[in-house]
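Written below as structure tokens is the structure these notes are about.
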Amino acid sequence: MAPSPHVVVLGAGYTGLTAAKLIARRTGATVTLINSRDRFVERMRNHQLASGQRLRHMPLRDLLVGAGIRLIVDRVTGIDLGQRQVELLGGEPVGYDLLVYALGSQADLDSVPGAAEHATAVAGAEQAARLRERMRSASTVVVVGGGLTGIEAATELAETYPDRRVQLVTRATLGVALSERAQAYLHRTFDGLGIRLREHAQVAEVATDGVLLADGEHLGSDVVVWTTGFRVPDLARDAGLAVGDNGRMLVDSTMRSVSHPEVYGVGDAAAAGKPDGRELRMGCGPGGLTVACTVQAIGDRLAGRTPRQLRLEGDGYCISLGRKDGLVQYTHADGSALGPMLTGRPAAVFKEAIVRGAGGLGLRHPALALVAGSRVLV
Ligand SMILES: Cc1cc2nc3c(=O)[nH]c(=O)nc-3n(C[C@H](O)[C@H](O)[C@H](O)COP(=O)(O)OP(=O)(O)OC[C@H]3O[C@@H](n4cnc5c(N)ncnc54)[C@H](O)[C@@H]3O)c2cc1C
């Protein structure tokens with residue numbers, strides 16, 4: 001490899017942008033960052049966008065001032081692993097010595113008939129903007145999915161539009177990954193906001209006028225918001241990188257592809273394993289830790305050192321419940337609570353600080369991600 005290797009980072013979301021800046025600053029590599037649009041999208045605020053709130057405009061060029069990174073705004077259409085080059089929709093292919101794959105995730109709208117045609121989502125900025133428009137004339141909304149995104153979307157919409165009927169349908173219980181105490185708090189919050197809840201209900205089809213449940217019941221609504229999980233782009237699989245059943249790139253404990261050692265994967269698009277054998281879940285928090293691990297590993301390997309490994313046992317949930325309420329709960333590996341559960345306005349303030357940090361301070365001063373990540377590198 002050349003003395004100053006060329007590292008190409010695909011995707012300028014939370015993880016790709018942070019990784020590119022840290023690699024440029026800490027490893028001496030030449031860095032090129034490729035992203036499909038010229039601005040940073042604060043995905044963690046998409047439910048706020050859908051509820052009509054104005055979000056900051058964040059041009060990537062502003063966020064990259066002084067970073068010494070070449071930015072290419074173009075869509076990645078393929079990766080030629082043999083030639084070690086990235087193919088673009090508009091421009092010439094870009095060669096690399098090391099590749100960091102950070103293409104994130106999107107809404108999974110293909111799992112149920114009619115969802116792609118009739119539902120909208122909050123996973124992407126354009127979808128969230130479409131939902132905002134549809135909310136102008138809607139009087140009833142069904143949110144499908146009782147995970148963190150569904151909870152945040154339903155509460156934000158219900159708080160913003162108290163005169164609309166908001167209903168959430170989930171095939172499990174609300175916030176199934178959370179402790180019983182946290183779930184009880186969520187139930188009280190939903191009651192307080194007037195959100196109707198349908199647990200253990202499976203949506204079989206989405207239509208123009210609502211959703212059809214597996215038991216044949218029809219829930220009428222003007223708008224259906226689909227939040228049943230994220231899926232990743234097919235690029236890693238299509239390129240021939242080792243991926244799991246869900247298409248996430250398989251990486252070792254230093255975030256390096258298990259099939260191609262010159263490729264690293266971070267964020268939602270890559271599946272790092274936890275000590276208990278499960279995958280690190282998609283999310284900005286876990287994604288930040290994968291960035292810290294990747295940057296350290298690239299730096300260590302370029303310097304001839306053995307890299308440290310990511311070892312993440314517990315987890316943390318930091319959920320907004322509208323603008324005035326929230327829920328923060330950290331957990332041990334077995335899911336039991338770690339420290340007290342924070343709720344109400346203090347949790348809302350804490351959550352806002354986290355989102356503001358991840359989309360502002362953290363991007364301008366990405367070394368903060370390394371500080372957080374050093375806790376879980378062994
Ligand atoms: C409403 C909502 C609320 C959320 N709240 C939380 C939360 O509270 N806490 C939490 O931890 N997580 C939260 N998440 C999840 C979090 O947003 C994601 O986990 C995070 O964005 C993943 O970061 P990433 O860098 O992997 O991908 P992304 O942020 O999705 O970035 C991927 C980038 O790749 C670019 N890209 C994709 N394909 C291509 C291509 N072919 N060519 C070029 N560029 C491409 C995209 O434009 C994007 O810039 C939330 C998500 C949503 C939708």
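For the single chain, residues carry numbers from 1 onward in sequence order. Not measured: the values here are computed from a predicted model. All ligand and atom numbering here is 1-based and tracks the order in the structure.
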(message) Looking at ligand 1, is there an atom of it that comes within less than 4.0 Å of some heavy atom belonging to T227?
(response) no
(request) Measure from atom 27 (O) of ligand 1 to every heavy atom in G316, G104, G285 and give the option owning the shortest one. (result) G104
(message) Quick one, L103 and Y101 - any side-chain contact, counting heavy atoms below 4.5 Å?
(response) yes
(request) Distance to 0.1 Å, residue and atom name: give those for the protein heavy atom nearest to atom 34 (O) of ligand 1. (result) G11 CA, 3.4 Å
(request) Measure the distance from atom 47 (O) of ligand 1 to every protein heavy atom, then report the residue, atom name and distance (to 0.1 Å) of the closest one. (result) S36 OG, 3.1 Å
(request) Provide the closest heavy-atom pair for A239 versus L81 in the form atom of the first, atom of the second, distance. (result) O-CD1, 3.2 Å
(request) Could you check which of L103, I354, V41 puts a non-hydrogen atom nearest to atom 37 (C) of ligand 1? (result) L103
(message) For a 4.5 angstrom cut-off between non-hydrogen side-chain atoms, does Y264 reach V7?
(response) no
(message) I need the nearest protein heavy-atom contact for atom 31 (O) of ligand 1: residue, atom name and distance, please.
(response) G13 CA, 3.2 Å
(message) Whether R37 and E126 form a salt bridge (side-chain N of Lys/Arg under 4.0 Å from carboxylate O of Asp/Glu) is what I want to check.
(response) yes
(request) Below 4.0 angstrom from a heavy atom of G267, which ligand 1 atoms are there? Numbered from 1 as shown, please. (result) 26 (O)
(message) Grouping I, L, V, M, F, W and Y whenever their side-chain heavy atoms are under 4.5 Å apart, do I354 and L49 come out in a common cluster?
(response) no
(message) Among all protein heavy atoms in this structure, tell me which lies nearest to atom 13 (C) of ligand 1, with the distance rounded to 0.1 Å.
(response) M44 CG, 3.4 Å
(message) Just by distance, no angles: are the side chains of H200 and T170 close enough, under 3.5 Å, to form a donor-acceptor pair?
(response) no
(request) Check P233 against ligand 1 and report side chain, backbone, both or neither, counting heavy atoms closer than 4.0 Å. (result) neither
(request) Report yes if some N/O of V76 lies less than 3.5 Å from some N/O of ligand 1; otherwise report no. (result) yes
(request) Tell me which one of Y14, F40, Y101, F230 gets a heavy atom nearest to atom 15 (C) of ligand 1. (result) F230
(message) List ligand 1 atoms under 4.0 Å from T15, heavy atoms only on the residue side.
(response) 24 (P), 25 (O), 26 (O)
(request) Specify the protein heavy atom at minimum distance from atom 53 (C) of ligand 1: its residue, its atom name, and the distance to 0.1 Å. (result) V122 O, 3.3 Å
(request) Determine whether the side chains of S320 and E152 contain a donor N or O and an acceptor N or O closer than 3.5 Å. (result) yes
(message) Any donor-acceptor pair under 3.5 Å linking the side-chain atoms of S139 with those of D222?
(response) yes
(request) Compute both the distance and the angle, then confirm whether R43 meets the cation-pi test with F230: under 6.0 Å from the six-membered ring centre, within 45 degrees of the axis. (result) yes
(message) Can you tell me which portion of L235 lies within the under-4.0 Å heavy-atom range of ligand 1? Options are side chain, backbone, both, or neither.
(response) side chain
(message) Using heavy-atom distances only, which candidate in Q48, E152, H47, R39 approaches atom 5 (N) of ligand 1 most closely?
(response) E152
(message) Check this for me, if you would: do E352 and R45 make a salt bridge, where the nitrogen-to-carboxylate-oxygen distance has to be below 4.0 angstrom?
(response) yes
(message) Could you tell me if T32 and H6 have a donor-acceptor pair between their side chains, going purely by distance under 3.5 Å?
(response) yes
(request) Would you mind listing which atoms of ligand 1 come within a distance below 4.0 Å of any non-hydrogen atom of C318? (result) 8 (O)
(request) May I ask you to check if ligand 1 and T149 share an N or O to N or O distance below 3.5 Å? (result) no
(request) Return yes or no for this condition: an N or O of R281 is under 3.5 Å from an N or O of ligand 1. (result) no
(request) With Y161 as reference, evaluate E159, R165, R164 under the side-chain contact (heavy atoms from CB on, under 4.5 Å) test and give the passing residue. (result) R164
(message) With nothing but distance in play, are any N or O atoms of G283 less than 3.5 Å from an N or O of ligand 1?
(response) yes
(message) To check your reading of the model: name the closest protein heavy atom to atom 48 (C) of ligand 1, its residue, and the distance in Å.
(response) N35 OD1, 3.6 Å
(request) Side-chain contact test, heavy atoms from C-beta onward, threshold under 4.5 Å: evaluate it for Q106 versus R231 and give yes or no. (result) yes
(request) Quick one: look up the protein heavy atom nearest atom 19 (O) of ligand 1 and list residue, atom name and how far away it is. (result) D268 OD1, 2.8 Å
(message) I want to confirm something. Looking only at heavy atoms, which of S105, C284, G287, A19 is nearest to atom 10 (C) of ligand 1?
(response) C284
(request) Write out the residue and atom name of the closest protein heavy atom to atom 30 (O) of ligand 1, then the distance separating them to 0.1 Å. (result) R43 NH1, 2.8 Å
(request) Please state whether K351 comes within less than 4.0 angstrom of ligand 1, counting heavy atoms only. (result) yes
(request) Heavy-atom contacts with A123 under 4.0 Å: which atoms of ligand 1 show up? List them by number with element. (result) 53 (C)
(message) Checking contacts here: is it the side chain or the backbone of S320 that comes within 4.0 Å of ligand 1, counting heavy atoms only? Could be both or neither.
(response) neither
(request) Output yes when a side-chain donor or acceptor of D234 lies under 3.5 Å from a complementary backbone atom of D238, and no otherwise. (result) no
(message) Ring centroids only, cut at 6.0 angstrom: are Y14 and F40 within range, meaning strictly under it?
(response) yes
(message) Keeping D80 on the side-chain end and Q83 on the backbone end, is there a donor-acceptor pair under 3.5 Å?
(response) yes
(request) Indicate, as side chain, backbone, both or neither, the part of A12 found under 4.0 angstrom from ligand 1 when only non-hydrogen atoms are considered. (result) backbone
